[in-house]
Structure formats: structure tokens, C-alpha cells
Amino acid sequence: MDDGALRVDGNALAGELSEVFSQEMTVARVACGGCGAVEQLGADHAYIQAPGMVLRCCHCDNVLLVMVRAGEQLRVSLAGSRWIDL
Amino acid sequence: MARAAIRGRLSWTLGDVVELIDETPRVRSILLDLPDWPGHRAGQHVDVRLTAEDGYQAQRSYSIASAPEDDRLAITVEALPDGEVSSYLVGELRVGDKLELRGPIGGYFVWDADRTDPLLLVAGGSGVVPLMSMIRHRRASGATVAAKLLFSSRTWEDVIYREELERLASASDGLTVVQTLTRMQPEGWTGYARRVDAAMLSEVGWPTSAMPASFVCGPTPFVEAVASALVLLGHAASTIKTERFGPTGG
């Protein structure tokens, strides 16, 4: 299967993000650390069938956010995001 | 219903299954009583979690089908081949069972009835579910903003909410429903019989001058084809909100 068919929207991460943030995150603006584009998180692309959840920039495909769960531990990486507006 | 205010982190809760409605042979609506439900906005979803006796858990997201004004929360689920959660929800769940969920979730793919820009809703299969919440919300709130639903299904039997949509569209309150049947059409069918394309969107949808708000939901290839066609027709990408279901939908 073409990987593109697995793509969903940032909206699909909303439930997991709600465990971390008290604010509704899909309307939060995210600046891409790669190309600098600013989008609401819900407009970026998500891949949720990997062992973790990955959010990628909808313009340049740079990885913005990764969430990996191991047991009770949830690791969140925002290394690919320049900033997030809360 | 007031907009969901900033609130604490979501937690899992148990709902009572109070009614089950078979929408099509593979699609079922589940109506729930949730004691502490904070209310939702049209377009939001919930996460449903099933736990097996050995502790194994599986979790999926399902769009809310009911209007914020409705007494009971409804989700509509399509049974997917090998879908471990959807096949249970469609085939085995019974009235009186409890269902674990958290929500409402998401603030991006939502529509509130106080908006005044014309509405274009484009659905592929069970992608109609969050759009149905918007249509029901529009009706329940008495909103008169013009709305069009372009709904792509495989066959007439696969059209989810078919009777309710016919009833709502016949009310002449500014809602237009256009169906396209991509795989098989009933005898005498005069509607569209192909996949949604730019020509169809141009005929059914709004001119760019109307500055519509567009919501597109369905399997990923469907959503991306429709969103690209809308951009091709001159609609600003920022006015097109998408919700992709992944490869299979639901």
C-alpha cells in the first residue's frame, strides 16, 4: 500500500494530546522547524499506525511531533517544531 | 450549547448503550447515555477503548453523529474487514452494555451554527458521520445558512442516513443533498454515477465568490482528491477543512 493512504489529519492526535495538554491542541498553531510554515496542528499530517504517533508538516513533510507510549510512559518529542502557540 | 471552554485533561468514562440503529448492512449507530457529558461541537470525535478479559486494550476514534442539541450521544461505526474494534461495535455490542470512551475531542474540524458563510460538505462513505452532526446541528439550532452535502457512496444500499437525509433535504430550508453512487446504481438512477471530481464540485458546490466553508471527510485518497479539486477550482486552502480516515475509512 502507498504510505500516503495511511495519512490522516493532526486531528487524529487530539485524544492522545489531551492526556498531556489541558488545552485543545488541534487549533494550536505550530511552526515547522524545517520550512517555517505555520499551521494549526489539525491541518498538519498525522501517521498513527506506527508504534508511535507522528505529526508531519503538511508543506514539507518534516517531522513536527512524535508520541511514543511504552507501558505507562508516554514520551513526547517536539524537536521538529520551532514553536507551538498555547 | 456553549463552546467547549478550556478544561482539564480528558479522562475515560463509561457510557450506557441505550439504542442501536442499523444504518446499512455494515454500518450501525450507537446511542449512548453519558451522565457527565460536557457537551460537544459538531464535527468532534470520541476515542473508544475496548478491554479484553486478559487486559489487552484496543482504541479507535469515532466521529460524533448527533447534534450538540440532542439528548443522547450517537456515534456511527462502519464494520471494517478485520477491524477488531469496529466488528465488535457493529456485530456484538448490545443495548444495556457499557462502552468506555473519552471526549469530546478536537476543535479543528468543527462547525458552529452561528457561522454565516455558506457550507459545502463533501463525504465519502462513513465520512458523512461528522458532517451529519453538522447538518443535525444546523437543523436543531434553526440556522438558515445555505448548506450543500455532496455524498459519495458505492451503492444505494450503502447510503448512510438515507431516509433522514431525504427528509431533511425536502424541508426546503436551504439544505441541498446530492448523491453520487460510484459502483452500482438503482434502475432509473438519474444522479451522478462516478467519483467526485472537479467538474462535479463545480456543478454542485459554491462559486469561489460565495466564500464557502468546506468540510471534507472520508478515506484518505477521497479526501485528498476532493481537497485538491477544490483548490484547483480556486478555493483558498485555509477555507477547506479535511478529516482523513486513512486507507479504509471508519
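Throughout, protein chains are lettered first and strands after them, A, B, ... in sequence-line order, and every chain is numbered starting at 1. Since the structure is predicted, the reported quantities are computational estimates derived from the model, not experimental observations. These numbers come from the heavy atoms of this one structure, side chains and all, not from hydrogens, waters or symmetry mates.
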Undergrad: Please answer whether the main-chain N or O of A:Arg7 pairs with a side-chain N or O of B:Thr220 as donor and acceptor at a distance below 3.5 Å.
TA: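 Checking the backbone N and O of A:Arg7 against the side chain of B:Thr220, a donor-acceptor pair under 3.5 Å is found.
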Undergrad: Should we count CG of B:Asp36 as having more than 12 external heavy atoms under 6.0 Å?
TA: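 No.
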Undergrad: Determine the minimum heavy-atom distance between B:Tyr108 and A:Asn11, stating which atoms define it.
TA: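 In this case the closest contact between B:Tyr108 and A:Asn11 is CB-OD1, 4.2 Å.
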Undergrad: Chain B: which of A:Ala12, A:Gly10, A:Gly15 shares the most heavy-atom pairs with it under 4.5 Å?
TA: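 Most heavy-atom pairs under 4.5 Å with chain B: A:Gly15.
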Undergrad: Around atom CD of B:Gln57, are there more than 12 heavy atoms from other residues, nucleotides or ligands closer than 6.0 Å?
TA: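 Above 12, so yes.
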Undergrad: Which atom pair, heavy atoms only, marks the closest approach of B:Phe245 to A:Val8?
TA: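 The answer is C-CG1, 3.9 Å.
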Undergrad: Who among A:His45, A:Glu39, A:Met25 has the most heavy-atom pairs with chain B under 4.5 Å?
TA: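 Ranked by contacts with chain B, first place is A:His45.
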Undergrad: Between the side chains of A:Glu16 and B:Arg102, is the shortest nitrogen-to-carboxylate-oxygen separation below 4.0 Å, so that they form an ion pair?
TA: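 Result for this pair is yes, salt bridge flagged.
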Undergrad: Within the side chain of A:Thr26, is there an N or O that forms a donor-acceptor pair under 3.5 Å with the backbone of B:Gly107?
TA: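 Present.
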Undergrad: side-chain hydrogen bond (donor to acceptor under 3.5 Å, both in side chains) with A:Asn62: which residues, sequence neighbours excluded?
TA: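 Not a single residue meets the side-chain hydrogen bond (donor to acceptor under 3.5 Å, both in side chains) criterion with A:Asn62.
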Undergrad: With respect to chain A, which residue among B:Glu243, B:Gln59, B:Lys241 yields the maximal number of heavy-atom pairs within a distance under 4.5 Å?
TA: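 Option with the top pair count is B:Glu243.
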Undergrad: Most heavy-atom pairs under 4.5 angstrom with chain B, which of A:Leu13, A:Ile48, A:Val20, A:Leu17?
TA: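 It is A:Val20.
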Undergrad: Taking all heavy atoms of A:Ala14 and all of B:His45, pick out the closest pair and write down the distance.
TA: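 Nearest heavy atoms, A:Ala14 then B:His45: CB-CE1, 4.2 Å.
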Undergrad: Crowded around B:Arg195 CZ? As in, over 12 foreign heavy atoms under 6.0 Å?
TA: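 Count not over threshold, so no.
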